[in-house]
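Notes for the one structure printed next.
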Amino acid sequence: MDLTEGNFFKVIPLYTIPMILLSLLQLLYSSADQIIAANFGEGYTSLNAIGSNTALINLILGVFIGIGVGANVVIAKAKGKGNREKARRTIQSAIVLAIFSGIFLAIAGYFLAPILLKLMNTPELYIDKATDYLRIYFIGTPFLMVFNFGSSLLRGIGDSVRPLLALLSCGLINIGLNFLFVVGFKLDVVGVGITTVISEFLEAILILVFLSKKDNFASYKWNEWRTYKEETKEILKHGIPAGIQSAIFSISNNFIQTGVNGFEDLSSNLTSDIAVAGNTASIQIEHYIWNCMNAFATAVAALVSSNYGARKKQNLMKIFWVSMFYETVVGIGLGVFCFLLRYQFIGFFISPESFKTSEGMFLSEAYQRALAVGTARLTLVGLTYFLDGYMDVMSYYLRGLGHSKTPTVVTVITITILRIVFVTVLWKNIPGIYTLLALWIIWPITWSLAILTYSFIIHPYNLKAYDHIDRHLAMEIAEREKQEALANESIQSMHV
């Protein structure tokens, strides 16, 4: 796709819908992992073992997946300028970075898994299961990194369909293998982890095949195993701040997850394992809302980078406001939809079957309390998730303009610091607010503060971008006029 021309009310959804479908498929496969483990494995403890790792996985992977955002920005700008050679060097450099960062994560994650889970107050009831799953998951991170980086590169050159095809085919294999390993071989969360690694390996191979296609704006070369200094520096320049922002964001979420892991309300017989089960189920549903909205935010980075590189300043704020419109429609629409069907959605993860003991006894009271926790959280967070969409559009807009550090600073101040202070200082020490509801409400409050902060700083950055474009256009016009004058002088001298 040409990301610099046309009606952006049409261009943005056409570019974004494959990304949304890709995200939804990823989530469906992740949800299938947890549903199969809960209903055919060892019940809600298996659900908790997988779900309680989510915040920790996002924290550890965040820095490196953020580098993929940097690759997206660099290659999108190269395409906007029509520079195929730079785009090719970006692809080669990014894939090497993906492989080495994945290997580093695999080694570090495998050995640190039990330590990190203990630091997060993971209940003893399922900490061994959680450790087994996390270790196997990290073995597959080299393949996961290649798929994520490769998908970012393809989207940067306007192709958001092929990553979807890779995920669709491999995800179906993942679900089939889940039934084989969990239901057939009775491997529980270990089986879920193994199937995840297998599907990620197949996704990585497919994405490299798609990147190497000759019909791309720039193609991956299998026999060229190297990085290019200039392109690598640019990828890291844009990607590391994005990764740090993601990690910092996840740090605060890990503090909140730690709070849930250790939460108990003896007056209502709400134990930590029940709280985690309800919280985990709601988070799985919320991910569907977030991924749909985040696709529009991710698109903003590619579109803004392309138009900034093509010197089309008139398109920049069009992209911003059209994206904000879609965030509003999608975010509020999905939030209301999930609220109306909250019991049905939570019921996919918290079913009566998952609350049966090995002897077949149904834990009715535990089931009802977990269901209540899940629906309460989904109501509060789901209905306000559109605020996170606004925040992400503003963040990715600045990244598209080349300002990658500013969103990181905003995240640290308005999200991470405030959430950590609330959880560690206020939540347990102020009478009356040691509740799960008070813990969850910190999400929309911090999103709103981030939006307010961005509202003050986007306009000055826009003015800088417009000035930069105007100066370069003036230089290009002056250079063309100079070349034309020289050409005319040469013609005149030939006539003489």
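For the single chain, residues carry numbers from 1 onward in sequence order.
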Exercise for review: Go through the steps to decide whether L398 and I457 satisfy the test side chain to side chain contact (heavy atoms under 4.5 Å, CB included), and finish with yes or no.
Suggested key: CA-CA 10 Å; L398 291 178; I457 63 179; 4.2 Å; yes

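- Side-chain atoms of S93 never come within 3.5 Å of backbone atoms of E231 as a donor-acceptor pair (strictly under, hydrogens ignored).
- R377 has its side chain within reach of N279: a pair of non-hydrogen atoms, C-beta onward, lies under 4.5 Å apart.
- Side-chain N or O atoms of S282 include one that pairs as donor or acceptor with a backbone N or O of L378 at under 3.5 Å.
- With respect to the salt-bridge test (charged N to carboxylate O, under 4.0 angstrom), the residues K237 and E234 do not qualify.
- D33 and N178 share a donor-acceptor pair across their side chains, judged by distance under 3.5 Å alone.
- Considering OG1 of T375 and CG of L341, their distance stands at 13.0 Å, rounded to 0.5 Å.
- How far CG of L154 is from CD1 of I91: 7.5 Å, rounded to the nearest 0.5 Å.
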Exercise for review: Go through the steps to decide whether I20 and C292 satisfy the test side chain to side chain contact (heavy atoms under 4.5 Å, CB included), and finish with yes or no.
Suggested key: CA-CA 5 Å; I20 292 175; C292 289; 3.7 Å; yes

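- Looking at I75 and K79, their side chains never come closer than 4.5 Å, going by heavy atoms from C-beta outward.
- Listed here is the closest heavy atom pair of E203 and A166: CG-O, 4.2 Å.
- Counting only heavy atoms from C-beta outward, the side chains of V410 and S395 never approach each other to under 4.5 Å.
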Exercise for review: Before giving the answer on side chain to side chain contact (heavy atoms under 4.5 Å, CB included), spell out for R419 and I256 the whole-Å C-alpha distance, their side-chain angles and the decisive distance to 0.1 Å.
Suggested key: CA-CA 8 Å; R419 289 183 184 180; I256 294 173; 4.1 Å; yes

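- Listed for the N254 side chain is a donor-acceptor partner under 3.5 Å among the backbone atoms of S250.
- Residue N148 holds its CG atom at 11.0 Å from CG of L153, rounded to the nearest 0.5 Å.
- Judged by the 6.0 Å distance and 45° axis criteria, K313 is positioned over the aromatic ring of Y466.
- At a threshold of 4.5 Å between non-hydrogen side-chain atoms, the residues S448 and L387 count as touching.
- I235 places none of its side-chain heavy atoms less than 4.5 Å from the side chain of T232.
- How far NZ of K221 is from CZ of R89: 11.5 Å, rounded to the nearest 0.5 Å.
- Side-chain contact between H238 and V74 is present, with at least one heavy-atom pair separated by less than 4.5 Å.
- Looking only at side-chain heavy atoms (C-beta outward), L236 and K233 stay at 4.5 Å or farther from each other.
- The side-chain contact (heavy atoms from CB on, under 4.5 Å) with V192 is formed by just one residue from the set N174, I36, I50; it is I50.
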Check your understanding: L211 and S219: side chain to side chain contact (heavy atoms under 4.5 Å, CB included), yes or no, with the steps?
Key -> CA-CA 6 Å; L211 272 173; S219 301; over 6 Å; no

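- Nearest heavy-atom pair, T90 versus A71, reported as atom, atom and distance to 0.1 Å: CG2-O, 4.1 Å.
- Counting only N and O atoms by type, the side chains of T196 and Y29 include no donor and acceptor under 3.5 Å apart.
- By the 6.0 Å contact criterion, CZ on F217 is enclosed, its count of non-hydrogen atoms from other residues, nucleotides or ligands being greater than 12.
- In the displayed structure, F386 atom CZ is contacted under 6.0 Å by more than 12 heavy atoms of other residues, nucleotides or ligands.
- Looking at D388 and W443, their side chains never bring a donor and an acceptor atom within 3.5 Å of each other.
- Between the side chain of T408 and the main chain of P241, a donor-acceptor pair closer than 3.5 Å is present.
- Remark: the S323 side chain and the Y396 side chain contain no N/O donor-acceptor pair separated by less than 3.5 Å.
- Put simply, the side chain of N294 never gets that close to the backbone of A297: no donor and acceptor are under 3.5 Å apart.
- Judged by a 6.0 Å distance limit and a 45° cone about the ring axis, R226 is positioned over the six-membered ring of Y228.
- For an aromatic pair to be called close, the ring centres must be under 6.0 Å apart, and F320 with Y397 satisfies this.
- Donor-acceptor pairing under 3.5 Å is lacking for the side chains of R155 and N72.
- The aromatic rings of Y137 and Y133 lie tilted to each other, with the angle between the two planes from 30° to 60°.
- Nearest heavy atoms, A218 versus R88: CB-N, 3.6 Å.
- The shortest heavy-atom contact between G400 and V304 is C-CG1, 3.6 Å.
- The shortest heavy-atom contact between L206 and C170 is CD1-SG, 3.9 Å.
- Note that CG of L202 and CG of L167 are 11.5 Å apart. Values are rounded to the nearest 0.5 Å.
- The 12-atom threshold is not exceeded at CH2 of W321, counting heavy atoms of other residues, nucleotides or ligands nearer than 6.0 Å.
- Note that CG of L14 and CG of N7 are 10.0 Å apart. Values are rounded to the nearest 0.5 Å.
- The shortest heavy-atom contact between Y15 and G156 is OH-N, 4.1 Å.
- Put simply, the residue from Y288, F337, F339 that forms a ring pair (Phe, Tyr, Trp, His ring centres under 6.0 Å) with F345 is F337.
- Remark: the backbone N or O of L449 is paired with a side-chain donor or acceptor of T453 at under 3.5 angstrom.
- Between the S212 side chain and the V209 main chain, a donor and an acceptor come within less than 3.5 Å of each other.
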Review point. Does the pair Y461 and T406 meet the rule for a side-chain hydrogen bond (donor to acceptor under 3.5 Å, both in side chains), with working shown?
Key: CA-CA 10 Å; Y461 279 115; T406 302; 2.7 Å; yes

Review point. Does the pair F296 and Y326 meet the rule for a ring-ring contact (aromatic ring centres under 6.0 Å, His included), with working shown?
Key: CA-CA 8 Å; F296 287 100; Y326 281 117; 5.4 Å; yes

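- A salt bridge links R162 and D159; the closest N-O separation between the charged side-chain nitrogens and carboxylate oxygens is under 4.0 Å.
- In summary, the aromatic rings of F104 and F100 are positioned with their centroids too far apart to meet the 6.0 Å limit.
- In this structure, F9 and F325 have perpendicular ring planes: the angle between them is above 60°, well past the 30° mark.
- Between Y385 and W447, the gap from one ring centroid to the other is short of 6.0 Å.
- Q284 and T280 form no side-chain donor-acceptor contact under 3.5 Å, judged by distance and modelled atom types alone.
- In this structure, the side chain of E224 does not engage the main chain of Q92 through any donor-acceptor pair within 3.5 Å.
- Remark: the backbone N or O of S306 is not paired with any side-chain donor or acceptor of K77 at under 3.5 angstrom.
- M391 is listed as a side-chain neighbour of I415, based on a closest heavy-atom distance under 4.5 Å.
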